[in-house]
Every structure is written in C-alpha cells, then in structure tokens.
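The structure displayed is predicted, hence computed values, not measured ones. Lettering of chains follows the sequences in order, A, B, ..., and the numbering in each one begins at 1.
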2 protein chains.
Amino acid sequence: MARSTHVRRPATLASLAAELGVSRTTVSNAYNRPDQLSPELRRRVLETARRLGYPGPDPVARSLRTRKAGAVGLLLTENLSYAFRDPAALGFLEGLALACEGAGQGLHLVPVNPEREDVASVHRAGVDGFVVYSVPDDDPHLAAVLSRPVPTVVADQPRVDGVDRVGIDDRGAITALAGRLIALGHRRVGVICMRLARDRNDGFVTVERADSAHFHVQRARLAGLADAFGGVGVDWSRVPVVERFDHSVASGASAAAQLLDADPHVTALVCTSDILALGALAEARRRGLRVPQDLTVTGFDGIADAERVGLTTVRQPVLEKGRAAGKLLLASPDPTRPREITLDTEFVPGATAAPPRTAEERWFGP
Amino acid sequence: MARSTHVRRPATLASLAAELGVSRTTVSNAYNRPDQLSPELRRRVLETARRLGYPGPDPVARSLRTRKAGAVGLLLTENLSYAFRDPAALGFLEGLALACEGAGQGLHLVPVNPEREDVASVHRAGVDGFVVYSVPDDDPHLAAVLSRPVPTVVADQPRVDGVDRVGIDDRGAITALAGRLIALGHRRVGVICMRLARDRNDGFVTVERADSAHFHVQRARLAGLADAFGGVGVDWSRVPVVERFDHSVASGASAAAQLLDADPHVTALVCTSDILALGALAEARRRGLRVPQDLTVTGFDGIADAERVGLTTVRQPVLEKGRAAGKLLLASPDPTRPREITLDTEFVPGATAAPPRTAEERWFGP
DNA sequence: AATTGGTTCTGAACCGTTACGGTCAATCCA
DNA sequence: TGGATTGACCGTAACGGTTCAGAACCAATT
C-alpha cells in the first residue's frame, strides 16, 4: 500500500480535502492552526493524510503563498574550499549558522561556479535575504544579489548604499599593530598579503595594485600599513609587498622566501593573515632565522593555531561577526537607515615581535 | 525613480507583460529561452524590466511550477557548532558542498533547534533531496526527512530501507587497528568514545549502553573493538570504556584522566576519534607518561593535527565521503535498488603505538 | 495554388498552498 | 429572550511563474 502511493500521483492538500469531504482551508488549518478546527476533525485529517501518504503541505507552495522561504542565502567567495579551510571564514560561517539556527531559519549556501560567471544561481535561490561575505568588489554575484528585492547584509565588504554591513576596522587595527612595530624600531619591513583581485598574481605588488585591490579587507589592511609606516617617513612605495593567490601556510612560506630573497635586510614580515604568518614562521625556521630575535613576524585574525605558537597578531571576533550578520538580517530591516556594526579587535602581543637587530648584531651577534 | 519601485507593489512577470503588451509566455521566454523570441523583442523586454525594477522570475514561483528547488538539504546533528569544529564533519561538509557547487545546486543547512524537538524546519525546507549526516538513529528529524517524498542519502548512519547510503567500514577498520595492538601484545586496554546517545553521560559505559548506542558510528567502532579483543580472550565487559558528550580535546584529556585513575594498569588507550586521542596524549604528557613507551594511544579519522603529532590512527576519506553523498543524491536516483558506497580506510601506523611495558619495566625501567 | 517548414508569439491550464472575509449554529449573559 | 460572542468551517482569490499545444505569419518548395 505504501508503495502504491509512490507510483500514483502524490496526494495534495486538495486531494486530501476531497477525500475527507472538507475544504482545503480546513486541511491547511489542521497543519498550521490546530485551534481553528475541532480536535476530532484534526485527528481524522492527520490520519487520512497518513493513509494516503500525504507528507504535509508542500514547502515551496507554502513559500510562494506566504512569501517566506525560511532561509537565508550566503554568498561566499568563488572558491568554496577556501572558505572551509580558512579559520576566519569558518568562524564567520559558524556564527551565521548559529544565528540562523536560533531563528529557525535555514542557511542556503549559494553555489558559485568558479568557471563561468554564472549568476543564475543567485536568481534561483529561494531565500528571504542574503549575506555576502568577503567577495571582490566587482563580483557579478554581488551585483546579482543586490538586484534581488530582499534584505541583504554585507560582511567584510565595502559599504553599499542602503545595505546593512558588519565588519571590523581593518585599517585602524593594522595601523595600531604597525605602530607597535614602529615603536620597537622597525623601519625596514616586508608585507605578505592575500590575493588582491580576481586575477592571479603570485609576486610583488605595485602601489597601484594595492590601492585598487578588489578585496576590501586586503585593501584596507594595506592602506593601514601605508598609514602607519608612511607616517614615520618610510617610503611606502619602496616597501616590498608580496601577494599570494592561494591562502595557505605553504603560500605564506613561499611568499616569505621570495621576499627575504629579494630583500634580506627586512627586519619584520607583516602578514595580512595568520595563515600566511604561520608560513612565514616556517620559512624563517627553515632559514635558521630566530623569531623574534632575527626576524619579527606578525599576523592578523587571531586563529587558534596562531595563539598556539604565540604569534603577534590582531584578534578579531569572527564568530561574533557571523552572528551579528545573521541578527542584522533577521531583525526587521529598516530600509530608511541601513545599519552598520563595527566589532572591536584586540592586539595580541604574542612573542614573535621584538626590536630589530642592529647591523652590528646581525654580523657579530648580540 | 529606482526608489519608487521599492515603494509600490513590485513588478511581476505579468505586470511586465502588460506594460509591454505581450503575453506572459513571451516574457518568461525572454529569460529562460532566448531562442524562442526575436532578439529585438527580448532586448525590449529586458530593458523594460530594468526600467520597472523587475528582478527577474521569482525563484519560489518557478520552483513550484518546475518542481525543482535547486538545492539539497543537509541535516546535521543537533549541535551545529559541533559540526563546524569537528574536522571530520567539516571535511564531509566541504566535500558535499563541492559536489553541490559542481552541479549548480545550493546547499541548504536545515536548522535544528537543540531545545525543542521541532521537526517543522524539515518540512519547511524547499529542497530536492536530503543528506543526513551522523544523527542519532532515533532522531525525529531523520524520521521527518524520510517522510518527505524526496530522494535521500544517509552518511555515517545505519542502512535505511530504500535509501542510498555512504560510509566506511567503521567496525572492520577499528578491528584491524585493534589487531595491531593485539599483535604488539596489548591485552589490558581502555577505550574513550564520543557520546553514544542523546542523553549526556560523561563517564563509564555499560555493555548495554555501548550495544544500544544511538550513534551508528560509535556503536560500530565499539563493536569492532569488542570483536578484536573478545577474539583473543579479553573479557570485553571488563574493558573500561569512558564516554564524553562534548567532542573536544579537553574532553579526551579528562576522559583519559578518569580512565587512568580508575585503572592505572591499562597499556593502551583506544580512542574512537583523533580529537579525543589528542586529548589523551595531552593527559599522558601531563602525567609524565611517555608515549608510546609507557602508554599507547590511538585515534580514528586521520585529521591533519593527528598526522602532525604522528598519531597511530585510521584515516578515512572524509571529503570524498561528502562528495560521494552529493553525487549519489544528484545522480538520477534509482528507487528500486538503493545504492551503497563504502569507502576505503587506511591504517596509519604513526608513532604512538608500541608494545606494552612489562610489569618489571614499569617499576624498574626498560 | 497548395504544401511545407520555420519563426514568433499567444491562451489557458496548472503547480499546491494560504490569506481573507465570510457563514452558520451553538453558547453566553443580563 | 434577544443580542452579542464564540467555535468550526468554507469559498474565493491570489501567490508568480512555466509549459504545451497551437495560431498567425511569411518564405520557400512542390
């Protein structure tokens, strides 16, 4: 019997109503408003539903009628695996998922085909709103999201007119960190950063490229460094900046190698993420450079592994950021005045920063 | 002008058609079948759409008509944060996300309210199928998923009639690992496992509880250990098994402490996950026990941190598992013969297993 | 001149549900 | 006893699309 229901046309609210001789409204009420019909009738409805193999109101039809999908769309950067391997992104995802769960909303990961610029998936997503996390400024998917008539929250992205936003003060935070290095005496530094645009450029970065970076976060952090070092008379255009497309420890190591090969006299490597900094640490170790005596290394994010090795870095509340994005989206949106949440960051002194060795020390030991 | 569209009732396919003086079909075709109308008319349609602020066909209405939601539902265990912190679960999630992305399907994380047994979220999810990952056998959400008339794949779960499944041979794999320990001479062992049921039990586990565990994976692994040690005459009912509700390194450490306090003579700690094993290693270190000379510790999963410390364990292809689940679901399902994929595992010798010390060695050194 | 074929567009049916505004009888209150 | 209230249920009209079988038209072929 149960088998046959799979063969024949599946039951609907209407067919169930017909079978019972009641109106569709009543069947609907049996599921959604038990107080609107007698317990006895409701029991009959539910029992008949079971007998006919009716699985309950169709979620899509319900969504159409109620204009609620019960889900939040999440637009991540083009490479999904990136998000799953980056602790900061993961923390954000977790926070967002928690917020959604708390509100009983689903979280719909929008598929982004890395190959084609296929924006259709954004249009196809049946969601009540979008969260956009750290995509390039010119990402067509972002544009597609903004064209949809649903509330949106951007995170780790530049401001968008009429759209809520959550983030941190990337620029200020890294300026403060750089201030510490400056106070320690560092003037000759190198920078290692994540990818700045959608095209691949594993190597040195021109000032123009840094200024026009398509990733808000990286652009802001580089600008913060320019602020700090420029402020003490360092010629920012001469500071070596090495970019890596892949965000991995190995990338950080190879970037450090490239940078130290090109300029062995840098006293500090400032990395725009902890992951990259961990790679830089590995490369320093490989070269027999002691950290922090011979070389200062700093990161950004405050991930667990960084804490484990005592990295000097900036901690940002990634989970809280995700949660805030979710709350912002799920709270009744106010289109007249887009809200903006900037979360606090915290400098983590760590143990990988120290005053630079003097030239004499370099050659003759401390 | 653009503002006003937000105020008045938003444009629909029908209103757009009316404005243009064409049929709804034609507008629909402009979006979905460009070859069905003249380029000129299509241009006009799209331009008018822009002018009227029409964001393109509504995804929900389209889903209702086409009976395709373009998304896959994922049912995870009740505690979302758990999934985001467990590398094995994360690997599965990544693999599944990749499979979905490759097929242009969204991935809809179903919210599971840990408080109430609220199954409504399962009924509300507009998806074309479900993946159920490692939930308790008696989880009402699982039952709700099975009641929905969509294809389903279970992973790390017991077989369900008529439902595709993907997993590994947990029982066989851990039996093999135990065989190595037995060959090394271990007979007096302790076991540390993850939670076995939905209720909290941080402490020792009775044979009944182990046998009736609600989590398939844990049950299978314990059964595998019973097979192996029972096979060489060890009285399984006397083997101490300690359970922890939270799956964390700290839990592993406290479980190890509890176990070693209760039975200081165990020569090996067999853990049902690497995370727990890492905790056991930490506790051993804290007690000044050398691993593997004084104590053998083994894990399960083959996570990156385990490899880093040279843990003796079993590696399972978690990413591949997720990907396989996605492929199985997205491939045209064959309801007549549910498919089952069992992925291979690999024993990782590592460096945390060695022959037990003899009693003399214990007291007088090797 | 009739047939064929191709393009372009239309009309009507359908997808499965819920919101809204009722009706009708039974019950309550003074 | 009569008017108001309450409980239980119903009919209709959306919700916003897609689809399929044609209609209308024109050009090319027989």
Tell me what [X] touches on the nucleic acid: a base, only sugar-phosphate, or nothing, going by heavy atoms under 4.0 Å.
X        : result
B:Tyr54  : sugar-phosphate
B:Leu37  : sugar-phosphate
A:Thr12  : sugar-phosphate
A:Gly126 : nothing
B:Val60  : nothing

Do any side-chain atoms of residues 14-21 of chain A form donor-acceptor pairs under 3.5 angstrom with protein atoms, and if so which ones, sequence neighbours left out?
unit_1  : atom_1 : unit_2  : atom_2 : d
A:Ser15 : OG     : A:Thr12 : N      : 2.9
A:Ser15 : OG     : A:Thr12 : O      : 2.9
A:Glu19 : OE2    : A:Arg51 : NH2    : 3.4

message: Is the ring pair B:Tyr54/B:Tyr31 parallel, tilted or perpendicular, if the boundaries are 30 and 60 degrees?
response: perpendicular

field: Identified side chain to side chain contact (heavy atoms under 4.5 Å, CB included) counterpart of B:Phe130 within the set B:Leu329, B:Val122, B:Val72
entry: B:Val122

message: Would you say A:Ser28 places a side-chain N or O within less than 4.0 Å of OP1 or OP2 belonging to C:dT18?
response: yes

- prompt: Given D:dC9, is OP1 or OP2 found less than 4.0 Å from the side-chain N or O atoms of A:Ser38?
  reply: yes

Could you state the atom-to-atom distance from [atom1] of [X] to [atom2] of [N] in whole Å?
X       : N      : atom1 : atom2 : value
B:Asn29 : D:dC20 : CG    : C1'   : 11 Å
B:Arg24 : C:dC14 : CZ    : P     : 14 Å
A:Asp35 : D:dT6  : CG    : C1'   : 13 Å
B:Glu40 : C:dT8  : CD    : P     : 12 Å
B:Leu13 : C:dC14 : CG    : P     : 19 Å

message: Using a 4.0 Å heavy-atom cut-off to protein, can you give one letter per nucleotide of nucleotides 19-25 of chain C, 5' to 3': B if the base is in contact, S if only the sugar-phosphate is, - if neither?
response: B------

query: Is there a donor-acceptor contact under 3.5 Å linking the side chains of B:Arg62 and B:Asn32?
result: yes

- request: Scan residues 22-37 of chain B for pairs that pass salt bridge (charged side-chain N to carboxylate O under 4.0 Å, His left out), counting only residues two or more places apart or in two chains.
  value: none

- request: Output yes when a side-chain donor or acceptor of A:Ser121 lies under 3.5 Å from a complementary backbone atom of A:Pro111, and no otherwise.
  value: yes

